[in-house]
Structure formats: structure tokens, C-alpha cells
K.L.:
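Have a look at this one.
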Amino acid sequence: DSAKQQAAFIAVQEHYPKSPPKYIGIGSGSTIVYVVASIARLEPSLIASTKFIPTGFQSKQLLLTHGLEILDIDLLPVGEIISVAFDGADEVDSQLNCIKGGGACLFQEKIVAVQAEKFVVVADFRKVSKTLLTPTTWASGIPIEVVPSSYPYVTAKLTALGATQVILRPGGKAKAGPCVTDNGNFLLDAVFPTLAEGEDVVQDLAEAIKSIVGVVEHGLFYGGTRGWKGRPEVAYFGMED
Ligand code: DER
């Protein structure tokens, strides 16, 4: 983990604003823990007047433990922007398109990322692929948040779209039945064949998934010729020790 720690430290040094920011976005997962630890050690004047916007329960608890001021995303005044949002990722391709949602917070993460002036991802070097859905990097597919009553229909449409496996994410040991997100929705993990190279390949799949009735949001954070939906501007990869 020292590699993740190093990558997080560098990402904060290089992208945390040099003058006190009003709002900073904080993602979810294990790598973000190192990002917040680095932020908490910054010069106090850089964080004392800043509100930190979490992307889920774990993210909020992390900020609380570091005594950083919290602002829920629904309290961000209309028209205000987040200076920088930091987050992790499950897979990152050569154009920095990402798959996110391993932690089931993808909707909250994306609604923060798209309101940030700059989106910075910190990930383990093992998350890097040439193109997304490379099974040796990330084999769980694309997390897709769906309205619970629609999951059978969305499953069928994803299969028609080329998904080779669509799993309703189980609650595991946490609860009988499926995982339920902070927004009260279900998660489908949809495995597709490894994507080809190409500027709009991720964008094409993202738009096709988003157009299925019942889909709330999906874990593709991407850019393309038809617009930008959450692709990070920069990513840092903790290198092997
Ligand atoms: O769910 C997410 O997108 C999170 O950012 C998470 O996947 C990051 O993973 P990590 O625990 O390896 O940082």
C-alpha cells in the first residue's frame, strides 16, 4: 500500500488548489483513504475554510475521522462548482476512461465528478488496461445502478447489447437479497467482451446503456467526441514496490 500512499500524496501535492478552495469532492474506496490523509496534513489555511463533499457513507465517515468539514452534494448551491474531486477507480484505460462502482457508490461519485472543475483519479497500477473490460485487470464488468422493479428488463436489454454475464449484485454477508445502494436502487454488474480501441468506443457503449429504461446511472466515466461524462483529467497509479 505504500505505492498507493505515494501516488495519493503526489496527486494531492500536484492538484489540491494552491489557494483555499471552497469545495473539494472526495470519492469512495480504499485508495481515497490515502488521499484524505494527505489532504488532512496540508497547511491548515488550505483546508480550514473548505467544505468536503462525500460520495457515500464510507466517504463521509472518512472525512469525519479527519475533522474535515462536510457538505452533502444536495447542499452545493446551484451554479457553484467543485474545484477538484479526487476518487479511485476499478479499471482505467489508455485514454483515462474508467470503470467505477466496485464500491456501489457510482451514482454519488459521478454526480460529484461532473460538477468538478477537475477530476483526479488515484489507482493501483494493477487497475490499468489498454482498453476497458480486460478480464485480467477487472473481471466484474460494468456496475449499473437500476430502479429495482426494472432489473429483469434491464438484464434482458444488456444481454441484447452484448453482455456475456449480468449479475444482480448480492448483499453478500451484509443482508439476504440484493445489494441496495445509498439511493435505494439495485446494482447490475454487466460483463461485456473487452472493448476495442477507438475514441468513441466507451462513449458508444455508455450511451447505449444509459438509454435503457430503468437505468439510473452506470460506472463508465468517459469522454468522447460527443461530450464528457466524468473521465478524469489525470490519473496517478501507485507503482509496484
Ligand atoms: O467504487 C468505486 O468506483 C471506488 O472508487 C473504488 O472502486 C475504488 O477502488 P479502490 O478501493 O481500489 O480504491
Side-chain angles (χ1 to χ4, degrees), residues 1-12 15 24-39 52-63 73 82 84-93 96-114 116 118-129 132-134 136-146 167 169-172 174 179-183 185-191 202 206 209 216-222 229-241:
D1 273 2
S2 62
K4 276 186 182 182
Q5 209 162 357
Q6 175 78 9
F9 174 76
I10 294 166
V12 169
H15 292 286
I24 292 286
I26 296 296
S28 305
S30 60
T31 309
I32 199 71
V33 172
Y34 298 109
V35 171
V36 173
S38 294
I39 290 174
F52 292 84
I53 302 180
T55 53
F57 184 87
Q58 175 243 345
S59 172
K60 187 179 278 191
Q61 294 300 311
L62 178 60
L63 290 167
I73 186 65
I82 299 165
V84 183
F86 294 92
D87 205 341
D90 296 305
E91 186 178 21
V92 185
D93 75 8
L96 297 191
N97 297 303
C98 297
I99 287 181
K100 287 174 53 51
C105 301
L106 66 102
F107 176 81
Q108 300 94 287
E109 292 167 335
K110 197 179 277 191
I111 194 65
V112 168
V114 293
K118 182 190 292 183
F119 183 45
V120 177
V121 154
V122 184
D124 190 311
F125 72 97
R126 285 176 281 262
K127 306 279 187 86
V128 181
S129 299
L132 293 181
L133 293 158
T134 298
T136 47
T137 307
W138 177 256
S140 306
I142 304 166
I144 301 166
E145 182 155 344
V146 303
I167 295 174
R169 192 177 295 185
C179 165
V180 177
T181 69
D182 291 348
N183 312 303
N185 295 313
F186 287 173
L187 277 175
L188 292 175
D189 289 303
V191 179
V202 179
I209 293 172
V216 173
E217 195 47 73
H218 55 73
L220 291 173
F221 286 54
Y222 65 95
K229 291 279 191 305
R231 177 164 66 186
E233 177 175 316
V234 66
Y236 290 82
F237 303 108
M239 298 316 291
E240 194 153 29
D241 290 339

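What you see is a predicted model, and the numbers here were worked out from it, not measured in a lab. Whatever order the structure lists them in is the order used to number ligands and atoms, beginning at 1.
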K.L.:
Take atom NZ in K118; do more than 12 heavy atoms of anything else shown fall under 6.0 Å from it?
P.N.:
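More than 12 heavy atoms, drawn from other residues, nucleotides or ligands, come within 6.0 Å of this atom.
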K.L.:
Does F237 have more than 12 heavy atoms from other residues, nucleotides or ligands lying within 6.0 Å of its CZ?
P.N.:
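Enclosed: over 12 neighbouring heavy atoms sit under 6.0 Å from CZ of F237.
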K.L.:
Would L96 and E233 count as a side-chain contact (heavy atoms from CB on, under 4.5 Å) here? Give the steps.
P.N.:
CA-CA 8 Å; L96 297 191; E233 177 175 316; over 6 Å; no
K.L.:
Among all protein heavy atoms, pick out the one at the shortest distance from atom 4 (C) of ligand 1; state its residue, atom name and that distance to 0.1 Å.
P.N.:
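Protein heavy atom with the smallest distance to atom 4 (C) of ligand 1: S28 O, 3.2 Å.
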K.L.:
Looking at E91, is its backbone amide N or carbonyl O close enough to the side chain of T137 to form a donor-acceptor pair, meaning the two atoms are under 3.5 Å apart?
P.N.:
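Not confirmed, T137 side chain does not pair with E91 backbone.
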K.L.:
Determine yes or no for a side-chain-to-main-chain donor-acceptor pair under 3.5 angstrom, with K110 supplying the side chain and F221 the backbone.
P.N.:
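Not confirmed, K110 side chain does not pair with F221 backbone.
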K.L.:
Under 4.0 Å from any heavy atom of T31, which atoms of ligand 1 are there?
P.N.:
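Within the 4.0 Å cut-off of T31, ligand 1 contributes 10 (P), 12 (O), 13 (O).
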K.L.:
Could you identify the single nearest non-hydrogen protein atom to atom 7 (O) of ligand 1 and state the distance to 0.1 Å?
P.N.:
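For atom 7 (O) of ligand 1, the nearest protein heavy atom comes out as D90 OD1, 2.6 Å.
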K.L.:
Does the N or O separation between I32 and ligand 1 drop below 3.5 Å for any pair?
P.N.:
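Between I32 and ligand 1 (N or O atoms, distance only) the closest approach is not under 3.5 Å.
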K.L.:
Within the side chain of D124, is there an N or O that forms a donor-acceptor pair under 3.5 Å with the backbone of R126?
P.N.:
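Yes, the answer is positive, given that a donor and an acceptor are paired below the 3.5 Å cut-off.
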K.L.:
Is G29 close to ligand 1, meaning an N/O of one under 3.5 Å from an N/O of the other?
P.N.:
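Among all N and O atoms of G29, none is under 3.5 Å from an N or O of ligand 1.
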K.L.:
Can you list the ligand 1 atoms lying under 4.0 Å from a non-hydrogen atom of K100?
P.N.:
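Those of ligand 1 that fall under 4.0 Å from K100 are 2 (C), 3 (O), 4 (C), 5 (O).
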K.L.:
Quick one: does S129's side chain have a donor or acceptor within less than 3.5 Å of a partner on D93's backbone?
P.N.:
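No.
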K.L.:
Please could you name the atoms of ligand 1 that D87 approaches to less than 4.0 Å, counting only its heavy atoms?
P.N.:
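Reading through ligand 1 atom by atom, the close ones are 5 (O).
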K.L.:
Is it true that G101 lies under 4.0 Å from ligand 1, counting heavy atoms only?
P.N.:
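Yes, that is the case, since the closest heavy atom of the residue is under 4.0 Å from the ligand.
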K.L.:
Of all the non-hydrogen atoms in the protein, which one sits nearest to atom 1 (O) of ligand 1, and at what distance?
P.N.:
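For atom 1 (O) of ligand 1, the nearest protein heavy atom comes out as G103 N, 2.7 Å.
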K.L.:
Using a strict cut-off of 4.0 Å, indicate which atoms of ligand 1 neighbour a heavy atom of G88.
P.N.:
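Going through ligand 1 atom by atom, the ones under 4.0 Å from G88 are 5 (O).
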K.L.:
Output the list of atoms in ligand 1 that are nearer than 4.0 Å to some heavy atom of E109, sorted by atom number.
P.N.:
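It comes down to these atoms of ligand 1: 1 (O), 2 (C), 3 (O), 4 (C), 5 (O).
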K.L.:
Heavy-atom contact check, 4.0 Å cutoff: does L106 meet ligand 1?
P.N.:
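No; L106 lies far enough from ligand 1 that no heavy-atom distance drops under 4.0 Å.
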K.L.:
Sub-3.5 Å donor-acceptor pair from the side chain of K100 to the main-chain atoms of G88, do we have one?
P.N.:
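Present.
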K.L.:
Under 3.5 Å between some N or O of ligand 1 and some N or O of G102?
P.N.:
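Yes.
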K.L.:
Could you see which bit of A89 sits under 4.0 Å from ligand 1, with heavy atoms only: side chain, backbone, both or neither?
P.N.:
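Answer for A89: backbone.
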K.L.:
Taking the side chain from D90 and the backbone from G102, do they hold a donor-acceptor pair closer than 3.5 Å?
P.N.:
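Confirmed, D90 side chain pairs with G102 backbone.
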K.L.:
Students should be able to answer this: which protein heavy-atom is nearest to atom 10 (P) of ligand 1, and at what distance?
P.N.:
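Protein heavy atom at minimum distance: S30 OG, 3.4 Å.
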K.L.:
What atoms in ligand 1 come closer than 4.0 Å to a heavy atom of K127?
P.N.:
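Selected atoms, number and element: 9 (O), 10 (P), 12 (O).
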K.L.:
Take V122 and V12 through the side-chain contact (heavy atoms from CB on, under 4.5 Å) test and state the conclusion after the steps.
P.N.:
CA-CA 10 Å; V122 184; V12 169; over 6 Å; no
